[in-house]
**Q** 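One structure, as structure tokens, below. Some questions next.
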Amino acid sequence: MEFPLELKNAIDIKASAWKPSDLRKTSAAITARYKNESGKGKKLIISELDAVVYSAVRMPATFAAVSQALYYALEGSGIDRKEIHTLLDVGAGTGTAAWAADTVLELDEIVCLERERAMSALGAEYMQSGSEALKRAEWISSDLTADNFLYTADLVTASYVLNELTEENRIKALKKLWNTAKKMLIIIEPGTPEGFRQMKAARDLLIGEGAYLAAPCPHENQCRLAENDWCHFTVRVQRGKLHKMIKDADVPYEDEKFIYMAFVHTKPERKGARILRHPNTQKGRVTLEICTESENKIETITKTKKEFYKAAKKSQCGDLLYY
């Protein structure tokens, strides 16, 4: 999914108000803050400059991850995308998840909840460059851990939010999120061992609350990955000139690693197995590591049949495999 040109232009214009040296310095400070203070409930983005730099560096990668997660979630849920008309983006930041959802869904109403004023003000400004639904989006100052939600929506998204909370607040937040989602809840977190640990805990909690998994897991049974292993997916993101300048990077792309889970209220019809690792393609054969429903296990398979080889060769980590 291509990053929206209107959004890219809006970010470039906003960032042009600051010196390149200020943008780089702020980026380094934000990186250190997230590394050292995430998970402690502290404010990580404070000033307008913080929010601008964050949006320039993180919005393209977050947009790509949310777009991919949304694609897989809709594929596995059995829910027609035309049935989803309202979106609640919790911990919206500068509104990336709303932009991603608006690209593939016919949204009538968007509500963004964000506690940091610098983020919400900038997100609302960016959305004036988007669709009519984005322009009409309602931005509400709200703390996921403290406020009771008075809103419900067909789709609820929470991207890169839970990792910023303490363990106790994470449990409370998950229950609020699930009770707010009328059709689907999508949670996206960094594709790290810690992100996976948090997602596994969320999986167990929400299944206990009556939720069903639409993706990525093809079952609701106990996860069969080894204790020292973790599940994550990757999407390649093209870096623009602004991004490369801020990060002082030469490589024209980055690989965003993420983990996601999509929860629904009705048990979906199970189809296929999930590819957990990038296919290992050799002459005349393809080897894949997959998570299956029927056997409830992680399995490595190698196939040489023509039909399977052609399909598997085109597949990537995260895809559903029909075989």
**Q** Mind checking whether Leu242 and Met245 have side chains closer than 4.5 Å, heavy atoms only?
**A**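 Touching, per the 4.5 Å side-chain cut-off.
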
**Q** Cluster question for you: counting only ILVMFWY and a side-chain heavy-atom cut-off of under 4.5 Å, with indirect links fine, are Tyr253 and Val237 together?
**A**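 They do not share one cluster, since no chain of ILVMFWY contacts under 4.5 Å joins Tyr253 to Val237.
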
**Q** Count I, L, V, M, F, W, Y as connected when their side-chain heavy atoms are under 4.5 Å apart, and connections chain through other members. Are Ile13 and Ile246 then in the same cluster?
**A**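 Unlinked, Ile13 and Ile246 end up in two clusters.
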
**Q** Locate the shortest heavy-atom distance separating Thr234 from Lys257; write the atom from each residue and the value.
**A**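 Looking at all heavy atoms of both residues, the closest pair is OG1-CG, 3.8 Å.
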
**Q** side-chain hydrogen bond (donor to acceptor under 3.5 Å, both in side chains) with Tyr260: which residues, sequence neighbours excluded?
**A**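 In terms of side-chain hydrogen bond (donor to acceptor under 3.5 Å, both in side chains), with neighbours along the sequence ignored, Tyr260 is linked to no residue.
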
**Q** Keeping the roles fixed (side chain from Arg236, backbone from Asp255), state whether a donor-acceptor pair exists under 3.5 Å.
**A**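 No, the answer is negative, given that no donor and acceptor are paired below the 3.5 Å cut-off.
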
**Q** Mind checking the CG-CD1 spacing from Asp108 to Ile84? Nearest 0.5 Å is all I need.
**A**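 Taking CG in Asp108 and CD1 in Ile84, the distance rounds to 12.0 Å.
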
**Q** Does Thr62 reach the main-chain N or O of Met59 with its side chain, forming a donor-acceptor pair under 3.5 Å?
**A**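 No; judged by distance alone, with no hydrogens or angles, the pair does not exist.
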
**Q** When you measure from the side chain of Asp319 to the backbone of Gln316, do you find a donor-acceptor pair of N or O atoms at a distance under 3.5 Å?
**A**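 At least one qualifying donor-acceptor pair exists.
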
**Q** Examine distances only and state if a side-chain atom of Glu220 and a backbone atom of Leu213 form a donor-acceptor pair shorter than 3.5 Å.
**A**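 Judged by distance alone, yes, a pair lies under 3.5 Å.
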
**Q** Find the distance between CG (Leu122) and CD (Glu114) and round it off to the nearest 0.5 Å.
**A**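 Between Leu122 CG and Glu114 CD, I get 11.0 Å after rounding to 0.5 Å.
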
**Q** Are Glu189 and Arg197 close enough for a salt bridge, meaning some N to O gap below 4.0 Å?
**A**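 The answer is no: the pair does not qualify as a salt bridge.
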
**Q** Could you tell me if the side chain of Phe196 sits less than 4.5 Å from the side chain of Leu225, heavy atoms only?
**A**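 Yes, close enough: below the 4.5 Å cut-off.
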
**Q** Looking at OH of Tyr72 and CG of Leu320, how far apart are the two atoms once the value is rounded to the nearest 0.5 Å?
**A**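 Answer rounded to 0.5 Å: 8.0 Å.
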
**Q** Is the closest side-chain heavy-atom distance between His265 and Trp178 below 4.5 Å?
**A**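 Side chain of His265 against side chain of Trp178, heavy atoms only: contact under 4.5 Å found.
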
**Q** Can you confirm whether Asp250 is buried at CG, in the sense that more than 12 heavy atoms of other residues, nucleotides or ligands lie under 6.0 Å from that atom?
**A**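 No, the 6.0 Å shell around CG holds no more than 12 heavy atoms from other groups.
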
**Q** Is the backbone N or O of His85 less than 3.5 Å from a side-chain atom of Asp154, with the two atoms forming a donor-acceptor pair by type?
**A**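 A pair under 3.5 Å: yes.
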
**Q** Restricting to non-hydrogen atoms, name the atom on Ala273 and the atom on Ile290 that form the minimum distance, rounded to 0.1 Å.
**A**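 The pair with the smallest heavy-atom distance is CB-CD1, 4.0 Å.
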
**Q** Is a side-chain N or O of Arg274 found less than 3.5 angstrom from the main chain of Cys291, in a donor-acceptor match?
**A**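 Such a contact is absent between Arg274 side chain and Cys291 backbone.
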
**Q** In Å, rounded to the nearest 0.5 Å, how long is the span from CZ of Arg115 to CG of Leu144?
**A**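 The distance works out to 9.5 Å.
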
**Q** Could you go through the side chain to side chain contact (heavy atoms under 4.5 Å, CB included) check for Phe263 and Leu174 one step at a time?
**A** CA-CA 11 Å; Phe263 300 91; Leu174 282 165; over 6 Å; no

**Q** Is there a side chain to side chain contact (heavy atoms under 4.5 Å, CB included) between Trp139 and Met127 once you walk through the steps?
**A** CA-CA 11 Å; Trp139 284 81; Met127 284 186 178; 3.6 Å; yes

**Q** In plain terms, say whether Lys200 and Asp204 are close enough for a salt bridge, that is, a side-chain N and a carboxylate O under 4.0 Å apart.
**A**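 Result for this pair is no, no salt bridge flagged.
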
**Q** Is any side-chain heavy atom of Asn9 closer than 4.5 Å to one of Ser129?
**A**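 Counting from C-beta outward, Ser129 and Asn9 never come under 4.5 Å.
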
**Q** Is there side-chain contact between Asp229 and Ile298, with at least one heavy-atom pair below 4.5 Å?
**A**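 No - every pair of side-chain heavy atoms lies 4.5 Å or more apart.
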
**Q** Can you tell me if NZ on Lys182 sees more than 12 non-hydrogen neighbours from other groups inside 6.0 Å?
**A**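 More than 12 within 6.0 Å, yes.
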
**Q** Evaluate the side-chain proximity of Thr266 to Tyr212: yes if any heavy-atom separation is below 4.5 Å, no if none is.
**A**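 A side-chain contact under 4.5 Å is absent here.
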
**Q** Would you compute the distance between atom NZ of Lys247 and atom CG of Leu23 and round it to the nearest 0.5 angstrom?
**A**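 Atom-to-atom, Lys247:NZ and Leu23:CG are 12.0 Å apart.
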
**Q** Do Asp102 side-chain atoms and Trp99 backbone N/O form a donor-acceptor pair below 3.5 Å?
**A**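 Checked: no pair found.
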
**Q** Quick one: sort the Phe258 and Phe233 rings into parallel, tilted or perpendicular, breaks at 30° and 60°.
**A**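 Taking Phe233 first and then Phe258, their aromatic rings sit tilted (interplane angle of 30° to 60°).
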
**Q** Would you find more than 12 non-hydrogen atoms of other residues, nucleotides or ligands less than 6.0 Å from Trp18 atom CH2?
**A**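 Result for CH2/Trp18: enclosed.
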
**Q** Do Tyr126 and Thr94 get their side chains close enough for a donor-acceptor pair, meaning under 3.5 Å?
**A**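 Result is no, nothing qualifies.
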
**Q** For a quick test of reading the model, state the closest non-hydrogen atom pair linking Val66 to Ser159 and the distance between them.
**A**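 Residues Val66 and Ser159, closest heavy atoms: CG2-CB, 4.0 Å.
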
**Q** What are the two closest heavy atoms between Val57 and Glu254, and how far apart are they?
**A**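 That would be O-OE2, 4.3 Å.
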
**Q** Rounded to the nearest 0.5 Å, how far does CD of Gln198 lie from OG1 of Thr192?
**A**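 Answer for the OG1-CD pair, Thr192 versus Gln198, is 7.5 Å.
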
**Q** Check whether any side-chain heavy atom of Thr96 lies under 4.5 Å from a side-chain heavy atom of Tyr160, and answer yes or no.
**A**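 No, side chains not in contact.
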
**Q** Search all heavy atoms of Ala133 against all heavy atoms of Leu107 and return the closest pair with its distance.
**A**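 Answer, listing the atom of Ala133 first, then Leu107: CB-O, 3.5 Å.
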
**Q** Decide yes or no on side chain to side chain contact (heavy atoms under 4.5 Å, CB included) for Met261 and Cys217, but give the supporting numbers first.
**A** CA-CA 8 Å; Met261 285 191 182; Cys217 310; 4.0 Å; yes

**Q** Taking atom NZ of Lys176 as the centre, does the number of heavy atoms from other residues, nucleotides or ligands within less than 6.0 Å exceed 12?
**A**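 More than 12 within 6.0 Å, yes.
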
**Q** Could you check whether Lys82 pairs with Glu106 (Lys NZ or Arg NE/NH1/NH2 to Asp/Glu carboxylate O, under 4.0 Å)?
**A**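 Salt bridge flag = no for Glu106 with Lys82.
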
**Q** Going through the distances and angles, do Met184 and Leu74 end up as a side chain to side chain contact (heavy atoms under 4.5 Å, CB included)?
**A** CA-CA 9 Å; Met184 181 187 294; Leu74 290 169; 4.3 Å; yes

**Q** Looking at side-chain heavy atoms only, is the closest gap between Glu109 and Tyr151 below 4.5 Å?
**A**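 Of all side-chain heavy-atom pairs linking Tyr151 with Glu109, none is under 4.5 Å.
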
**Q** Can you see which heavy atom on Leu105 is nearest to which on Arg81, and at what distance?
**A**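 For Leu105 and Arg81, the tightest heavy-atom pair comes out as CD2-CB, 3.5 Å.
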
